[in-house]
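Some notes on the structure that comes next.
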Protein chains: 2
Amino acid sequence: MVNVVITESERAEVASCETGELELAAVLHALSDPIRLRIVTELSDGVERSCGAFNLPITKSTCSHHFRVLREAGVISTRVEGKSRINVLRRDPLDERFPGLLDAVLQARSD
Amino acid sequence: MVNVVITESERAEVASCETGELELAAVLHALSDPIRLRIVTELSDGVERSCGAFNLPITKSTCSHHFRVLREAGVISTRVEGKSRINVLRRDPLDERFPGLLDAVLQARSD
DNA sequence: CTCTAAGTACGATGGTTGTCGAACCATAGC
DNA sequence: GCTATGGTTCGACAACCATCGTACTTAGAG
């Protein structure tokens with residue numbers, strides 16, 4: 001059993017050395033919240049939706065937070081359209097980088 | 001935009017109503033840490049390993065913590081053998097409940 | 001121009017998490 | 001019985017996170 005002490009930043013650095021690991025962990029973390037899972041599931045039909053179209057049981061600011069987490073992990077992308085922000089699932093980039101991951105999560109959710 | 005306030009426990013309860021969601025979120029969360037991803041990856045060859053066999057850059061207690069998170073999410077199982085705790089990846093149960101998920105994660109990691 | 005609708009940004013707060021060290025426990029070997 | 005060895009448990013701590021309310025921005029409607 002090793003007994004080395006490292007800081008948080010060093011830990012993140014170590015992680016990013018192994019290709020793909022950091023981004024994968026970020027995507028998995030983004031998907032590991034019920035609210036965000038619900039958003040992703042609803043977006044998985046390919047229909048673009050504004051943030052307000054999800055009827056989520058949270059306040060506006062919390063809603064904004066969750067969409068940002070998903071956006072920064074690369075799970076969704078958002079474009080401005082009039083007063084609304086339209087959200088789209090970034091299915092193709094995700095499928096290319098993590099083949100099968102999104103499908104597995106979506107299928108698991110719909111069981 | 002709805003504006004309902006709920007507590008954390010209520011939120012968890014709501015989540016558990018939709019079948020599979022809670023467990024899925026737990027598994028995804030368990031996998032969203034670099035150290036635990038590494039443990040799962042090493043275990044994915046089917047070889048059973050003691051906790052100390054991973055050479056992780058963390059202390060014993062932190063190590064114990066990560067194995068517990070994986071165990072409680074149902075990702076691994078542990079059995080006592082002499083002085084050691086032998087860890088096994090619960091591949092079949094995982095594949096049955098979340099088909100393709102583990103494979104997708106493992107493949108993404110090895111890119 | 002004013003008002004409303006849709007979000008974002010900021011600051012606060014309570015809960016969770018990753019980490020550590022020290023103490024503890026169980027087993028094997030002496 | 002004594003001593004490693006391999007883990008677990010506990011308490012502490014800093015960082016992070018989900019949540020909220022308030023204030024702000026931007027765009028369309030009147």
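The structure displayed is predicted, hence computed values, not measured ones. Lettering of chains follows the sequences in order, A, B, ..., and the numbering in each one begins at 1.
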Rounded to the nearest Å, what distance is computed from the CD1 atom of residue B/I39 to the P atom of nucleotide C/dG18? 11 Å

Partner residues of B/R68 under the salt bridge (Lys or Arg N to Asp or Glu O under 4.0 Å) criterion, sequence neighbours left out: none

For atom CZ of A/R49 and atom C1' of C/dG7, their distance in whole Å: 18 Å

Indicate whether OP1 or OP2 belonging to D/dC20 is found under 4.0 Å from a side-chain N or O atom of A/T59. yes

Quick one: list whatever passes side-chain hydrogen bond (donor to acceptor under 3.5 Å, both in side chains) with A/S64, sequence neighbours left out. none

Which nucleotide wins on minimum distance to the side chain of B/H29, given the candidates C/dG18, D/dA18, C/dA6? C/dG18

Using the test salt bridge (Lys or Arg N to Asp or Glu O under 4.0 Å), find all partners of B/E48 that sit at least two apart in sequence or belong to another chain. B/R79

Across all chains, not counting sequence neighbours, the salt bridge (Lys or Arg N to Asp or Glu O under 4.0 Å) partners of A/R49 are A/D45

Expected rows: protein N/O vs nucleotides 8-11 of chain D N/O, under 3.5 Å:
residue	atom	partner	partner atom	Å
D/dT8	OP1	B/R71	NH2	3.4
D/dT8	OP2	B/S64	OG	2.3
D/dT8	O5'	B/S64	OG	3.1

Test salt bridge (Lys or Arg N to Asp or Glu O under 4.0 Å) applied to A/D92 - qualifying residues, sequence neighbours left out: none

In whole Å, I'd like the distance from the CG atom of B/D33 to the C1' atom of D/dC16. 13 Å

Rounded to the nearest angstrom, tell me the gap between atom CD1 in A/I86 and atom P in D/dA27. 14 Å

Closest to the A/I58 side chain: D/dC20, C/dT19, D/dG6? D/dC20

Just the rounded figure in Å: distance from P of C/dA6 to CD of A/E48. 18 Å

Calculate the interatomic distance between A/H66 atom NE2 and C/dA9 atom C1'; express it in whole Å. 16 Å

Rounded to the Å, how far apart are B/K83 NZ and D/dG6 C1'? 7 Å

How many Å lie between CZ on B/R79 and P on D/dG6, as a whole number? 17 Å

Looking only at side-chain atoms of B/I35, point me to the closest of D/dG21, D/dG28, C/dT19. C/dT19

Would you call B/D95 and B/R90 a salt bridge, using N to O less than 4.0 angstrom? no

Donor-acceptor contact present, side-chain A/R91 to main-chain A/S44, <3.5 Å: yes

Considering heavy-atom distances to DNA chain D, does A/G82 or A/R36 have its closest nucleotide positioned more toward the 5' end? A/R36

